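Residue numbering restarts at 1 for every chain, and letters A, B, ... go by the order of the sequence lines. Because the structure is a prediction, the values reported are computed rather than measured.
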Amino acid sequence: MLDARFVRENIALLKSALQKRATDINLEEFSSLEAERLRLTRETEDLRNKRNVASEEIGRLKREKKDASDLMQQMKAVADRIKEIDEELNSIEEKTSAMLMVIPNIPHESVPVGKDEDDNMEIRRWGEPGKFDFEPLNHWDIAERLDIIDFERGAKIAGARFSVMKGAGARLERALMNFMLDLNTSKGYKEIFPPILVNKESMTGTGQLPKFEAELYKTSDLELYLAPTAEVPVTNIHRGEILDEEQLPVYYTAYTPCFRREAGAYGKDVRGLIRQHQFNKVELVKFTKPEDSYDELEKLTNNAEDILQKLNLPYRVIVLCTGDMGFSSAKTFDIEVWLPGQNRYREISSCSNFESFQARRANIRFRREGQKGTEFVHTLNGSGLAIGRTLVAILENYQQQDGSVLVPEAIRPYMGGMEVIA
RNA sequence: GGAGAGGUGGCUGAGUGGUUGAAAGCGGCGGUCUCGAAAACCGUUGUAGGGGCAACUCUACCGGGGGUUCGAAUCCCCCCCUCUCCGCCA
C-alpha cells in the first residue's frame, strides 16, 4: 500500500508509474475523495473539540448543582451532527482505502520498463548447461521410471496438480529442505516454522488480499486461508510492531508447504512437478532499514544463488521488467535454473524488495536511536529455494544414460550417504 | 465441546461515567552527586492524524467493532485473544 498523502500529492508521478505497470486506477477520483475526507475530518474534529469543552463545563455545573440542561440540549445537536459526518466519513474512507489497497507498488528506478516477461533482462549466468551424449529426459519420465514420484495417485487422492513423493524421491525432498535450512541458518537467518493457515489480516498485510483472492485456498467454516508462500506468515510475525533500530536487519528463513489455486494457468505446465497446487518451499525474509534494502536484496539474491552453486546447478539471474513484476514488489530478481529436459531456464526463486509497501499495510515500523517518531521498515523476501523445482532440476541435470540419477555431493549427507538414485 | 476468570502505556499494575493520555512501581533517557560507577535525588519518557514559520495547539486511540449518554477505560451487545478447571484428541 502506498501512503495516502503521497498518492494525493504525487498524482502525476503515479500516473506514469502505473502506466508502466499496465494498471488503471482513477487517481482523480481518489484525490477528490481525499480532499473531501480531509475537509470532513477537520469539521468533525472542530465539533468534537466544541463538545469536549462543553461536556467539561456540564460536569462542572453539575458538581456545583447548577442547571446544565440548556448546554446539554445544544450538545445533543452537535453530537447528532458529528454522527452524521462520521457516517459520511466512513463511507468515503471505505472507498479510498479500497482504492489504495489495489494500487500496486511503484517500481524502483533501476527496473527496466517493459510490457511482459519478454522485456525482462538477464543480469548474469552461472555454470554451463551440461552436455549429454544421449537425449535428456523430462523429470516426470525420469521420476516415473525410478518410481519416486506418483502423479496418477496424487490425482486420485487430491486431484490434478497433486503428486505423491515416494522412496528416494520423498527422501530427496526432505533432504533438500534440511540442506537449505542448514545453509541459510549458517548465514545468520533465524529458522522459523510458522502457521500455514493464516487470517485475512495477514493476507492483506503482505498484499495477497484483497486483490488476489482467486489464487488462494480458503477454509470453509473459519476465515482462514492456506498460505501460498511462507512470505505471508513470516512477514506478518512483526505486523503492528515497532522494532528497535539495533534489531535491524532481521533475517528469517522458513520451510513451509505452499498452496496455490493456479487459477488461469490451465494450459500451463500440466505435466510434472513444476506447477502444483501444493509444494514445498524454503523462504528467506528480511526486515531492513530503508537505506539498506537494495544492498540487502543483492545479498539475499546471492544467498539463494549460493544454494544452486552448492548443488552445482547452472542458472541465470534476470531482473523483472515493470510489466512482469508482482503487485507488491518494487524490484524483483528471478533466478532461473537450467532444465535440460525442457532445454530452457525455469524460475526457481524470486527475490523481491517491497520497500515500505508491505510494511505500511502491515504497520511494521522501527524507531531510530535518539530520534522522535517512527519509520516503516523495508521488507524483502525470496525463495531459497522452491524444493519441488530444485528436485526437478536435480533429476534433469544429474540424470544418466541408464535412467539413474546421481545425488549431488552437497546433499549426500542428508541422504544417508546415497550416491545414486536407481 | 462444557464451566469460569481476564484483556489498560516498553513491562507490572490502579482506575466511583465528568481535567484520566490515563495513579503508582519498574525499565529507558537527561541531569545533580562521583576520579569513574553504583546508590540516592530531580526531571523526562506512547502512537497516529490535523492546524501553525515556530513556541504550540486540536482530534483519536485503554483487545476489535457497534450502541447508550451532553460526556465512556468505566454501562450494554457482538467478535477476537489469553488463563484456570472438566471432557476429548496428536
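- In this structure B:G25 sits in a base pair with B:C11, meeting the Watson-Crick or G-U test at under 3.5 Å.
- In this structure, CD1 of A:I58 is placed 13 Å from C1' of B:G17, rounded to the nearest angstrom.
- When both pairing distances are held under 3.5 Å, B:C33 makes no Watson-Crick or G-U pair with any nucleotide shown.
- Side-chain nitrogen and oxygen atoms of A:R37 include none within less than 4.0 Å of the OP1 or OP2 phosphate oxygen of B:G49.
- For B:A48, the OP1/OP2 oxygens have a side-chain nitrogen or oxygen of A:T374 closer than 4.0 Å.
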* **ring pair (Phe, Tyr, Trp, His ring centres under 6.0 Å) between A:F357 and A:H378, intermediate numbers included** => CA-CA 8 Å; A:F357 190 85; A:H378 280 192; over 10 Å; no

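- Only one option out of A:R37, A:R48, A:R81 pairs with A:E43 in a salt bridge (charged side-chain N to carboxylate O under 4.0 Å, His left out); it is A:R81.
- A cation-pi arrangement is not found for A:K190 relative to A:Y252, the charged atom failing to lie both closer than 6.0 Å to the ring centre and inside a 45° cone about the ring normal.
- Between A:L248 atom CG and A:R367 atom CZ the span is 12.5 Å, to the nearest 0.5 Å.
- Under 4.0 angstrom from either OP1 or OP2 of B:U59 there lies at least one side-chain N or O belonging to A:N49.
- Side-chain nitrogen and oxygen atoms of A:N52 include none within less than 4.0 Å of the OP1 or OP2 phosphate oxygen of B:G71.
- For B:U74, there is no paired nucleotide, since no Watson-Crick or G-U wobble pair has both relevant distances below 3.5 Å.
- Taking atom CG on A:L47 and atom C1' on B:G50, their separation rounds to 14 Å, with Å as the unit.
- Note on A:K50: every side-chain N or O is 4.0 Å or more away from OP1 and OP2 of B:G71.
- Base pairing annotation: B:A90 forms no Watson-Crick or G-U wobble pair, as no partner gives both donor-acceptor distances under 3.5 Å.
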